[in-house]
Every structure is written in C-alpha cells, then in structure tokens.
Amino acid sequence: MDILEGLNGPQKEAVTTTDGPLLIIAGAGSGKTRVLTHRIAYLINVKKVSPYNILAITFTNKAASEMKDRVEKLLNASVKNMWISTFHSACVRILRDGAERLGYKRSFVIYDTSDSISLIRSCLKELNLDPKYYEPKGLLHTISRAKDSLMDPDTFEKETANDFRSKNVASIYREYQRRLKQLNAMDFDDLIMKTVELFKVHEDFLLQYQNMFRYILVDEYQDTNRAQYELIKILSKRYNNICVVGDDDQSIYGFRGADIRNILDFERDFPNAKVIKLEQNYRSTQKILNAANNLIAHNKGRKGKKLWTEYEGGPDIVLYKAEDERMEARYVVSSIIDLINRGYSSSDIVILYRTNAQSRAFEEELAQYQIGYRVVGSLRFYERKEIKDIMSYLRVIQDPSDEVSLLRIINEPSRGIGEKTIEQLTEYARSNGISLYEAAKFAGDTDLSARQVKGVLSFVNIMDQLISFKDDVSISALVELVLQKTGYLEILKSENTPESESRIENLNEFIGAAKEFEKDNPDLVLEDFLANLALVSDIDSLEDGEGVVMMTVHSAKGLEFPVVFMVGMEDGLFPISRALDNDEDMEEERRLCYVAVTRAKERLIMTYARTRNLYGRTMVCIPSRFIKEIDIPDFAKEPFKKRSMSVEEPGKVASSKEKYAVGMKVMHKMWGSGIIVQVKDMGSDKELAIVFQSVGLKRLSANIAPLKVEEG
DNA sequence: ACTCTTGGAGTTTTT
DNA sequence: CTCCAAGAGT
C-alpha cells in the first residue's frame, strides 16, 4: 500500500520531509492527525527507521491512543511498545528510569490537583500562614506557572518582588517541594520539570535518550509551555529531527502556562527549520470558513493563514438576538426540534458556551421537551469524591507512608477518628520519627482515649488485612475488597438517593476500568495501575451516543459537529469580562471563538441575549465584538420556523433500546427516580407516564427521554 | 463528630 | 442566584 496515497501536496511534503526541524502549521480540519500518522508510517516503512527511535507526543491520552490505533492500521503491526504518548506519560516512563539520580524512589507517586492543594494547606499550617491571605488554589497556580517556566524555589525567590508576601510565597513553594520529595511524590508539573532537570544534570542519561529518540514529533505544539519546549529542545539537540505540528490560531491554554511564542518563534529557535502550511480544510463549508478567517484576521500575534475548501455551498450562518437567557434557550431548543424534524440526529448537534454555568438554562429547556442531552466535562470522573476515596485507599495500600491519601480516608467512611485524634497521632509520629500510619498501629501506646484507640485500631486492622491481600488478588478484586471491607459500599447502598446511586455507578465504572487495565497489561501490578490512573483522567470523555451535546468551547477543541450553536455571544461573557482591557487575553478569547466556529461542518448558529441574569442581577448586554468581526453578509434572518415546538415527524431521533413496562423503576437525568404508571404505543415510539418523586407525573417519549431502567 | 448556618466568591482546565 | 467552605452549635 502506498503511504502517500490520497494526500494533498502540502500533506505529502509534510510526511516526506523527515530530516531536520520542521514546523507544520495545520489549520482546523486540515487533516493534521492524518499527516502525523502517515509520517510515522513513512518513517518506519520507507525510511526504515526503527519504531524504537521515534518519539511521538500528544497532549491527551485520547489523542495518543487514537494515534496508536491509526498507525497500527497503517502498518498492519502492533505499536504497543512504541513511544506514542502524552508529555506526562513519557516523562513518567523516563523518570521511573532516572528518578533515583534525583533522590526520589523509583516508585514515586503522582499527585493530582486536589492532592497538591491538600499538601499546600498542610504547608501553610506548618508555616503558620493564614489560608485566607494565601489561598491554596492561587498558590498552586503560582507554583505551577513557576514550574512551567522551570523556576525552582531559589530562582523563584530571586525573580519575584522583594516584598513580604512574595517572600512568603517563595517559602511556601520551597516547603511544598520539600514535602513532596519527603513523600516521594511529584505533581503534574514536576513530571516535566524534573525530567528536564534530570537531563540537564546527567549528561550520560541524556545521551542515552537522545540516541533513542532520533525522530521526535510533537502534536498541538501551540499548547506547549516553557518546560515542555526545553524538554524537546534538549532531546532533539543531537539528531535535530524535530517535527512539530500546531495551529497558532488555536492556542487557548495560555492561562495554564502554554506559551504561544513557542510556535511563533520556532524558526528562530531551530535554525534552518522548514515550514509547511496546511490550509485546505476538509470539514466545513466555505461560509463557515469565511467567518473563521474574518474573525481571526483581527489578531496581531499570528503567523497568518487562510483556510479554504472545495465545498462552496452550505446554509447561511444564523444570528439570533434573544430577550434574555431563557428566551435564548427557548430559541435554541425550538431550532433543535426543527433540525431533528429535518433529519438531523440529536447527536449531530452541539451547544457551545464560554462558561459551564451557562449549561443550566439549556438543560432545563431540553428536559422540558424531552430531548436527550449530554453535558461534557463539568465534573470530571477522577474529581468525584468516591473515585478520589477509592484511589486514596489504593495508594495507602500500595504505600502506607502516603500521608495525604491516608488523611483523606482515615475517617471515610466515618469511624470516629476526628481532628483531635489525628492531631495527637501526628504529634506521636513526629516525636518518635515514624510515619502516621505506623503511629496509628501504636495507638494503644499513646494517651488517646479508649474510644479513640478503638476507632484507630479498627481502621489499621482493615488496612493491614487489605495490604496482605495486595499481592495475591487482582487489582479489580482488591478494589471490590476495599469497598466491601471498609463498609463504603454498604453505606452508599443504605443512603438510597439518586446521588448515592450514581456514586455506586461510578465505582462500578472504576472497577471496570481496573479490569480493562488488567486485560491490557497482564504483567503490571497495583503500583503501575496507580501511576497510570493519575494520568488517565478522562474516562468519561465524550463517547458515541445519543443526545444533544453541551460543553465549553475549551472542551470542544479537536471535535467536529454538523450543527454548532454558539450561545451567550456577548461582550463580557464571550469575550469574557476579564479580557476586555487586556490585548493578550483578548487575542486568546478570539482564538477561542475561532476554535468554536471551526467545529461546525454544516450549520453555525450564534445567539446572544439583550439582558442576562448574573448573580441574581439583571445585566444589560451588548453583542459580542466577535460578531461584528466575523462580518459576513450571509447572516440569515429567520431560517427556522418560529417556535415550532411539536415534533410531528420524529425524524432520526434516538431509538429506545430498553423495553418499558408499567411498574418499572426508572432514573431520569433531571428529575431523578420515578415509576412508570402507563405505557402508550405511538407507532414507532411509546409515550410513558411516569410518577417522579421530585416533580410528580410526567408524560415522556420513550425514544428521546434521558431515561435509565433501574435494576430490580 | 456531625449538622446546620452563614458568608464569600463566582473563567476556561488536555495532565 | 447558587454553590462551596469554614464556623457555630448540638
């Protein structure tokens, strides 16, 4: 098979220019992933490069596994051991190899954001600083940015202002790093920073990896931060075969430390670099691309490119002015009903907003008309309490000296171990130079009351038992044992609320993830599972399914939909108020808007409201400046039938897989649990009458209502 | 140690 | 308005 078949001119050139620095500017929908995967295949099949000499880096696990799949298909061979991974996973792999040179144990644990925040809280306590004036979240952000720029605490102290507060922030950073090392832990930013440090200090170690990674590819280069830039710069220095792919117009993570200068200055940083632009778009109509091109032309800090397509036709872009946010939601939902009547599937449609809080009005309106929907990413899987709890249990089983995790679960579920008890145990641990967990074992020797000792020992007993099971049972079985022995599951079951049910569901999903991990990696153990888990967080990322999709513009990056609604197009909301008086922020907002526009394949509908309730006050809004900037004569006035709320022809709507019957218990997304009291046959659909605990009797369509049948 | 009340804040978030 | 976190009260 010819690897170059079906590629356009610039794409071909991007695939075959294998040696030397190469920057590929890949516009939205220009076949970027295609180029990357074909390039890897070309290196291996045509250039006879060993797969082990290639390092391909992406930003998300999803992107990495997608790339792996596609390369495997192209090569018709497994690439399981190839280095196609995220920055973070690649660094973990390197650090497991070299952490000992930095004074960490090979088995270091990875802290996620909330672990880091708890640790900062504990540092503040240690330093006697008030969390009111030193907000842990803000501190983590500051520290994180420092690490993104490769500033250690000493450099940080020198580089920042010489005032009292900054000095304290520097000492918090120093204390935080000291504690992390003591706990044998690294946070997300350490993974990159420490890898760079390792390479800078140990030349032999660096040489080994430089020789290994003779060809380096980086995806989403516009989103790299300083540390990531240094990492690839240092790794590619010997062979100089560095290919980066990105779109400066889609850099939207500046607030997380992404530095757009990395892509803008690539040619300066890597002399003799070749630049290839991919401007032909295979996704959207020309009308949508015109809007995108017009908008982004208002940015100054960019390389400049113009997307084009062979698809000239397409419907006009729609602009709708609503009286307020409720009317906005009504218009959007009535348009959705109309589109479904015309044959679109609900899953073809996405509602994009700037802030998560905006989803509410649309959820309510969609639920009212029984249209299924999915909200993406407001609360992520690994941030849920029950998942954090089970993860903490597993971490303590793996390493009882992991104090942050221990503190999280020592009284979860409640066993009467309160603040006082923990304080005394910590004191005992300090004065005897032992870990908190060991101190708990000796609870009987402390001056705790009999009741306190009982609680602590019952916890230690359960944990010791679980630890003894660790090496003998599978990971998923261990998870189930934890849930059972600690009584965690039982307590959730007895609560019997929609909330507890969903927690149980999440825990089952977690067990499922553990089983999958065992299947994919039969030779790996709990330690590996935990390391993997800290980095794989988007278990509930968008899967194929039915229902209108709702998400922030940020989470929409990389996705495409036939129909895109961009809502809340008002100055102060999008662009967000904080960007109004800052040119740099405004340009990032504009790029964000560009990302939103370029998600649309066929139809783009923008809406704004004249007034909007914000924090209980009614605000008068002005239309987003981006609407003017898009400046196209193609805006249609009233393209949809006004408020046609009835669905005469269901069109291509969700088919109900479940069979409903009177007496069944069901769960509704909005209204919680209810019981079916009547089922009416309506041809291809069924009308269900359901009595909900929360709202009483409702009549819903079986085909489109977001319902789940409860067991039993 | 748990529950209720009050107050303060309220973008985005691939790892 | 509405969600959380910290403080007071039981």
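Values reported hereafter were calculated over all heavy atoms of this structure, with side chains retained and with hydrogens, waters and symmetry mates removed. Every chain is numbered from 1 and lettered A, B, ... according to where its sequence line falls, protein lines coming before strand lines.
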Chemist: Determine whether the aromatic ring of A:Y253 stacks with the base of B:dT12, defined as ring centroids separated by less than 5.5 Å and ring planes inclined by less than 30°.
Modeler: no

Chemist: If I take atom SG from residue A:C593 and atom CE from residue A:M566, how far apart are they, to the nearest 0.5 angstrom?
Modeler: 4.0 Å

Chemist: Below the 4.0 Å mark, does B:dT15 have OP1 or OP2 next to a side-chain nitrogen or oxygen of A:S85?
Modeler: no

Chemist: Which part of the nucleic acid does A:R617 contact within heavy-atom distance under 4.0 Å: base, sugar-phosphate only, or nothing?
Modeler: nothing

Chemist: Does A:G418 or A:R578 map to a spot on DNA chain B nearer the 5' end, using the closest nucleotide for each?
Modeler: A:G418

Chemist: Applying side-chain hydrogen bond (donor to acceptor under 3.5 Å, both in side chains), can you list everything that pairs with A:S30, at least two apart in sequence or on another chain?
Modeler: none

Chemist: Checking salt bridge (Lys or Arg N to Asp or Glu O under 4.0 Å) between A:R612 and each of A:E323, A:E325, A:E570, which is the one that passes?
Modeler: A:E570

Chemist: Any pair with a residue in residues 573-584 of chain A that passes salt bridge (charged side-chain N to carboxylate O under 4.0 Å, His left out), sequence neighbours left out, goes on the list, sorted by first then second residue, please.
Modeler: none

Chemist: Using whole Å, report how far CG of A:D189 lies from C1' of B:dT13.
Modeler: 12 Å

Chemist: Identify which nucleotide among C:dC1, B:dT12, B:dT15 has an atom closest to any side-chain atom of A:T552, counting heavy atoms from C-beta outward.
Modeler: B:dT12

Chemist: Between A:R625 and A:D571, does any NZ, NE, NH1 or NH2 come within less than 4.0 Å of an OD or OE carboxylate oxygen?
Modeler: yes

Chemist: Looking at residues at least two apart in the chain, or sitting in another chain, which of them share a ring pair (Phe, Tyr, Trp, His ring centres under 6.0 Å) with A:Y488?
Modeler: none

Chemist: Applying salt bridge (charged side-chain N to carboxylate O under 4.0 Å, His left out), can you list everything that pairs with A:E587, at least two apart in sequence or on another chain?
Modeler: none

Chemist: Ring pair (Phe, Tyr, Trp, His ring centres under 6.0 Å) with A:H554: which residues, sequence neighbours excluded?
Modeler: A:Y253, A:F255

Chemist: Any side-chain heavy-atom pair from A:T611 and A:C621 closer than 4.5 angstrom?
Modeler: no

Chemist: Below 4.0 angstrom from OP1 or OP2 of B:dG10, is there any side-chain N or O of A:N356?
Modeler: no

Chemist: Do the side-chain N or O atoms of A:S555 get closer than 4.0 angstrom to the phosphate oxygens (OP1, OP2) of B:dT13?
Modeler: yes

Chemist: Set out, line by line, the N/O atom pairs under 3.5 Å between protein and nucleotides 2-5 of chain C.
Modeler:
| from | atom 1 | to | atom 2 | distance (Å) |
| --- | --- | --- | --- | --- |
| C:dC3 | OP1 | A:R360 | NH1 | 3.3 |

Chemist: Taking the same atom, P, in B:dT13 and in C:dC4, what whole-Å distance lies between them?
Modeler: 15 Å

Chemist: What nucleotide among B:dT13, B:dT11, B:dT15 has an atom nearest to a side-chain atom of A:N61?
Modeler: B:dT15

Chemist: With nearest nucleotide decided by heavy atoms, which residue, A:T86 or A:R451, maps closer to the 5′ end of DNA chain B?
Modeler: A:R451

Chemist: Give every residue pair that meets the ring-ring contact (aromatic ring centres under 6.0 Å, His included) criterion with at least one member in residues 572-600 of chain A, sequence neighbours excluded.
Modeler: A:F574-A:F626

Chemist: Could you list the residues that satisfy side-chain hydrogen bond (donor to acceptor under 3.5 Å, both in side chains) with A:E629, not counting sequence neighbours?
Modeler: A:R590

Chemist: Under 4.0 Å between any heavy atoms, over every strand shown, what does A:S116 touch: base, sugar-phosphate, or nothing? Just pick one.
Modeler: nothing

Chemist: Could you work out, with ring pair (Phe, Tyr, Trp, His ring centres under 6.0 Å) as the rule, every residue matching A:F59, not counting sequence neighbours?
Modeler: A:F87

Chemist: Which is true for A:I417 with a 4.0 Å heavy-atom rule: it touches a base, it touches only sugar-phosphate, or it touches nothing?
Modeler: sugar-phosphate

Chemist: Just the atom pairs and distances: protein N or O near nucleotides 8-10 of chain C's N or O, under 3.5 Å.
Modeler:
none

Chemist: Any side-chain N or O of A:N411 below 4.0 angstrom from OP1/OP2 of B:dA1?
Modeler: no

Chemist: At under 4.0 Å between heavy atoms, what does A:F87 touch on the DNA or RNA strands: base, sugar-phosphate, or nothing?
Modeler: nothing

Chemist: Under the ring pair (Phe, Tyr, Trp, His ring centres under 6.0 Å) rule, collect the residues that match up with A:Y176, sequence neighbours excluded.
Modeler: none

Chemist: Using the P atom on both, measure C:dA5 against B:dT12 and round to a whole Å.
Modeler: 16 Å

Chemist: Could you run through DNA chain B and flag its stems, i.e. three or more consecutive Watson-Crick or G-U pairs with both distances under 3.5 Å?
Modeler: B:1-10 with C:1-10

Chemist: I need the NZ-P distance between A:K62 and B:dT15, as an integer number of Å.
Modeler: 10 Å

Chemist: Rounded to whole angstrom units, what separation is found between the CG atom of A:L614 and the C1' atom of B:dG10?
Modeler: 8 Å

Chemist: Would B:dT11 be called syn or anti, given that syn covers angles within 90° of 0?
Modeler: syn

